[in-house]
Amino acid sequence: MNKILSRTITSIVIAFLYIPILVLIVFSFNASKSRANFTGFSLRWYEKLFHNDAIMTALLNTIIIAIISSLLATVIGTAAAIGINKMKPITKATIMNVTYIPIINPEIITGVSLMLLFRAFTVYSNFEFGFVSLILAHITFNIPYIIYSIIPKLRQMNPNLVEAAEDLGCNARQAFFKITIPEIMPGVLSGFLMAITYSIDDFIVSYFNSGTTVETLPITIYSMTRKKVSPEINALSTIIFIVILAILIIRNILSNYKLRKEKQEYLTSRS
Amino acid sequence: MENIIISLKNAIVDFDGEQILKNINLDIIDKQFVTLLGPSGCGKTTTLRIIGGFQQMKSGSLYFNNKDITKLPPHKRQVNTVFQKYALFPHLNIYDNIAFGLKIKRLSDKEIKSRVQQTLELVNLIGFEKRSVQSLSGGQQQRVAIARALVNRPKVLLLDEPLGALDLKLRKGMQIELKNIQQELEITFIYVTHDQEEALTMSDTVVVMNDGIIQQIGTPIDIYNEPKNAFVADFIGDSNIIDGIMRKDFLVDFAGNSFTCVDSGFEKDELVDVVIRPEDIKIVPQAQGKLTGVVESVIFKGVHYEMMVESSGYEWKIQSTLHENVGSLIGMNIEPMDIHIMHKMEDKL
Amino acid sequence: MKSKILSIPYIIWMIIFTVIPLGLVIFFAFTTQSGEFTFSNIVAMNDYLDVLFRSIEFSVIATIICLILGLPVSYLISRLARGKQGTMLMIVILPMWINFLLRTYAWMTLLEENGLINRFLGLFNVGPFNLINNSGAVILGMIYNYIPFMILPLYSVMTKIDESVVEAAQDLGCSGFHIITRIILPLSKQGISTGIITVFVPSVSTFIISRMLGGGTNDLIGDIIESQFLGNSYNPHLGSAMALVLMVIVILIMSLFNQFGSEEAVI
């Protein structure tokens with residue numbers, strides 16, 4: 001009984017999650033501009049999309065901002081995590097709590113608070129809203145994800161490892177680069193990837209801090225949705241969906257393959 | 001006549017096309033301490049889970065006091081389980097863990113309280129009522145798991161390697177305690193373990209399993225002294241297993257010699273497994289031995305020395321209180337009643 | 001001892017870009033345009049109480065529905081075989097990877113008067129119904145966008161519930177209903193509170209969902225804040241006061257669920 005009920009609810013939720021996306025995909029191939037009438041198959045919206053300079057520029061901006069901000073956030077965040085890990089519990093807890101603020105604070109508040117700061121900058125210097133403000137803002141909300149994905153790795157690390165390295169003749173610096181960094185690398189990488197994703201996906205913080213000259217992709221999408229009818233959005237969504245689907249499927253296949261291999265190794269080691 | 005409380009008939013279980021249980025038939029006698037013994041993957045835990053109601057069979061049936069309970073869900077069965085890693089409820093304290101089953105049955109608070117107290121006394125945990133699960137040691141958690149099951153007064157208690165996570169000393173103590181509890185409460189225990197010593201010390205009946213098949217059912221003494229096949233002989237205690245030929249009743253050839261034995265009923269010239277316990281080989285001066293061999297290694301084991309001796313192409317394990325130097329030539333004798341003859345395993349399967 | 005120095009750049013960054021901006025919000029909330037201390041911005045919030053209550057009401061409803069739907073879904077996933085859990089989880093998370101503007105836009109095309117749902121109903125001579133630009137559409141948008149935030153933390157605590165604990169409960173006489181109320185729910189507490197926070201916080205502060213699906217008549221507190229900073233009624237002082245109130249609501253909700261600073265809350 002319970003099983004049937006929870007299966008039904010799960011199916012409904014999954015249908016609920018996917019129907020709108022499927023509709024977008026289907027209508028991205030629509031010959032006419034209509035959002036409700038499928039009049040025939042066509043790729044014209046894809047063509048239009050690739051000739052839409054505003055979208056292409058925004059896409060480029062988004063990627064540049066995401067890469068620069070994630071890289072800088074990774075450097076600052078990794079160093080920070082290693083330092084924080086060595087602190088006294090009270091200092092550590094305080095810093096971690098402040099670090100937590102951009103994660104849990106409503107994005108609109110992160111957005112307007114940074115806007116107030118940058119506005120103050122414009123008053124007291126020749127600072128202008130644009131690329132720099134966007135990158136600063138993105139670094140700010142990216143660092144916490146980096147720190148929070150590295151700290152657990154540092155905590156799991158066997159403290160004897162560094163001591164063993166030193167015992168075998170490494171000085172502190174060598175031990176750091178040969179032991180600590182490789183040990184926390186998975187955390188650094190997953191934090192970096194998270195930062196890239198959040199950065200590409202961010203609309204709200206960017207919306208308040210982009211000024212009038214620079215647009216990121218989500219901002220362009222937003223202005224397109226305001227115009228009510230723009231089937232290029234459907235084409236864009238379809239492309240994004242398929243790219244993400246491909247990435248996730250590949251990742252899943254890889255991890256399944258790894259799982260199967262481990263299982264096999266386990267079985268052979270047992271017999 | 002002994003009363004059969006649980007009867008498993010023609011049980012077959014598949015996992016991913018692999019047969020875990022190959023047609024098991026098992027009768028459990030009421031008020032006995034029964035142990036299912038075997039190496040990991042032999043099907044002993046699966047058998048226990050069928051009785052508990054957590055494992056469905058592909059085919060076969062299960063009777064409880066002659067009533068078919070094959071399809072009865074676990075919460076309606078009159079058996080309770082002590083799980084391998086205890087499976088205590090982490091969000092409840094000790095009292096509430098133990099009282100859990102009684103609360104589900106909606107017993108009165110007074111009744112619950114007195115029964116929990118009684119059970120706490122039985123497992124020596126008076127005073128632990130308010131403690132959290134996490135604050136207890138492994139041995140104490142073990143007692144809570146036993147109490148939580150026993151408080152429901154099951155007809156049959158199922159125990160799935162309950163002592164596996166404890167250290168050796170604690171395990172020995174708990175073995176005795178469990179046996180005492182079983183005798184005091186006069187209920188049936190079905191106990192799963194891979195530890196042969198544990199099985200021999202505690203059980204009234206031992207069921208030896210391997211590869212989804214029951215190899216032998218018997219009292220610990222039967223199982224040890226009269227193993228039915230080489231697997232049982234090898235699994236229960238140490239054994240030397242040597243190829244032999246049964247010349248006729250009471251006469252077997254092995255290791256290049258003929259020996260008188262106490263077994264009969266084999267075909268003439270049947271190839272057999274000859275099983276000899278290491279402690280049953282007597283070391284004698286070389287000239288007096290029926291077999292001779294060279295000592296290859298000697299390890300001191302406390303009560304005795306364990307020697308590996310090379311003789312007529314076999315490595316013999318011998319346990320003796322006498323010490324022989326490595327490299328020395330010794331004679332070996334075996335009494336007829338210490339020679340156990342078994343059909344070759346391949347013939348049986 | 002030396003490695004502590006490594007965190008200094010971040011600490012400076014944190015002070016400039018996290019602490020000071022929040023300080024600015026508080027400063028603006030209590031000052032006039034000329035920089036004098038005032039309570040008038042806070043008092044002016046009185047005019048927007050209906051908006052505030054609407055925001056809270058909508059988000060509470062959305063959170064409760066997400067919880068009701070999320071519990072069975074997460075439990076079902078957590079009891080699957082390991083490999084299948086990964087696949088199912090991916091299916092649930094996948095839509096989250098698409099920008100929420102696009103996801104919300106998708107609902108516009110479905111719900112509008114001339115949209116697919118009304119066309120579909122039209123085939124049976126039913127409707128058209130007014131499906132968009134009302135409170136229901138806004139709540140639906142919140143559920144749609146944030147239900148994965150409920151499922152994920154629920155799943156991650158539920159998958160840690162050992163199957164043998166569930167079996168022990170069955171063994172002690174629990175039927176399906178009792179297993180849920182006495183074992184699954186109490187052991188999922190942490191996930192439930194994390195889920196509530198991660199759905200409620202973005203819901204109560206959204207301004208896009210209400211704008212796209214609410215049609216201007218269902219403004220939420222987020223819309224009002226946005227219009228004070230970027231819209232026609234430019235007034236960062238009033239906007240900051242509103243942001244401050246929003247922050248207080250969020251902090252209250254979080255301390256109610258006792259999660260502040262808990263690292264497990266991070267997805």
Side-chain angles (χ1 to χ4, degrees), chain B residues 15-16 45 48-55 72-93 96-107 112 115-116 119 133 141 144-154 156-162 165, chain C residues 67 70-72 74-76 78-88 153-196 256-259 262-265:
Chain B
F15 284 150
D16 300 331
T45 297
L48 196 77
R49 288 172 62 83
I50 291 172
I51 300 171
F54 304 113
Q55 176 67 52
L72 201 67
H75 65 272
K76 293 189 176 146
R77 297 190 181 194
Q78 286 175 296
V79 300
N80 285 114
T81 309
V82 177
F83 288 85
Q84 198 162 23
K85 283 174 193 129
Y86 321 142
L88 299 178
F89 303 124
H91 58 300
L92 302 177
N93 66 20
D96 288 332
N97 257 286
I98 298 175
F100 190 90
L102 303 178
K103 283 185 180 165
I104 294 289
K105 292 195 191 78
R106 297 182 182 284
L107 265 57
I112 292 176
R115 270 168 74 167
V116 172
T119 318
V133 172
Q141 290 190 20
V144 176
I146 293 166
R148 185 180 68 175
L150 283 177
V151 78
N152 302 287
R153 299 185 181 156
V156 178
L157 185 71
L158 310 177
L159 303 102
D160 187 3
E161 305 225 13
Chain C
L67 184 63
L71 281 169
S74 338
Y75 185 61
L76 187 100
S78 76
R79 297 297 108 177
L80 292 172
R82 276 281 153 201
K84 280 190 192 156
Q85 285 185 25
T87 312
M88 278 299 285
L154 283 179
Y155 162 79
S156 67
V157 291
M158 284 178 172
T159 189
K160 284 187 203 126
I161 301 176
D162 200 325
E163 185 61 22
S164 68
V165 170
V166 177
E167 284 180 354
Q170 284 177 301
D171 186 77
L172 297 168
C174 272
S175 57
F177 176 74
H178 275 140
I179 290 175
I180 292 170
T181 54
R182 284 174 182 262
I183 306 293
I184 305 301
L185 288 182
L187 285 176
S188 305
K189 254 195 228 153
Q190 175 92 24
I192 292 172
S193 39
T194 308
I196 287 175
L256 191 65
F257 291 96
N258 195 23
Q259 285 286 298
S262 156
E263 287 167 36
E264 280 82 7

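Scope of the values below: all heavy atoms of this structure, side chains included, with no hydrogens, waters or symmetry mates. So that the names make sense, note that chain A is the first sequence line, chain B the second, and so on, each numbered from 1.
More than 12 heavy atoms of other shown residues, nucleotides or ligands fall within 6.0 angstrom of atom NZ in B:Lys105.
Atom CG of C:Leu172 sits about 11.0 Å away from atom CD1 of B:Ile98, to the nearest 0.5 Å. From C:Glu167, atom CD reaches atom CZ of B:Arg49 across 4.0 Å, with rounding to the nearest 0.5 Å. Between C:Ile179 atom CD1 and B:Ile104 atom CD1 the span is 9.0 Å, to the nearest 0.5 Å.
When side chains are defined from C-beta on, B:His75 does not count as touching C:His178, because their heavy atoms never get closer than 4.5 Å.
Chain B forms the most heavy-atom pairs under 4.5 Å with one residue out of C:Ile161, C:Leu187, C:Val166, and that residue is C:Leu187.
Contact annotation for C:Asp171: both backbone and side-chain heavy atoms come within less than 4.5 Å of a heavy atom of chain B. Looking at B:Asn80, both its backbone and its side chain come within 4.5 Å of chain C, counting heavy atoms on both sides. Contact of B:Leu88 with chain C is made through the backbone alone, with heavy-atom distances under 4.5 Å.
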Evaluation steps, side-chain contact (heavy atoms from CB on, under 4.5 Å), between B:His91 and C:Ile183:
CA-CA 8 Å; B:His91 58 300; C:Ile183 306 293; 4.1 Å; yes
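Shown here for C:Ala168 and B:Ala87, the closest heavy-atom pair between the two residues is CB-O, 3.8 Å.
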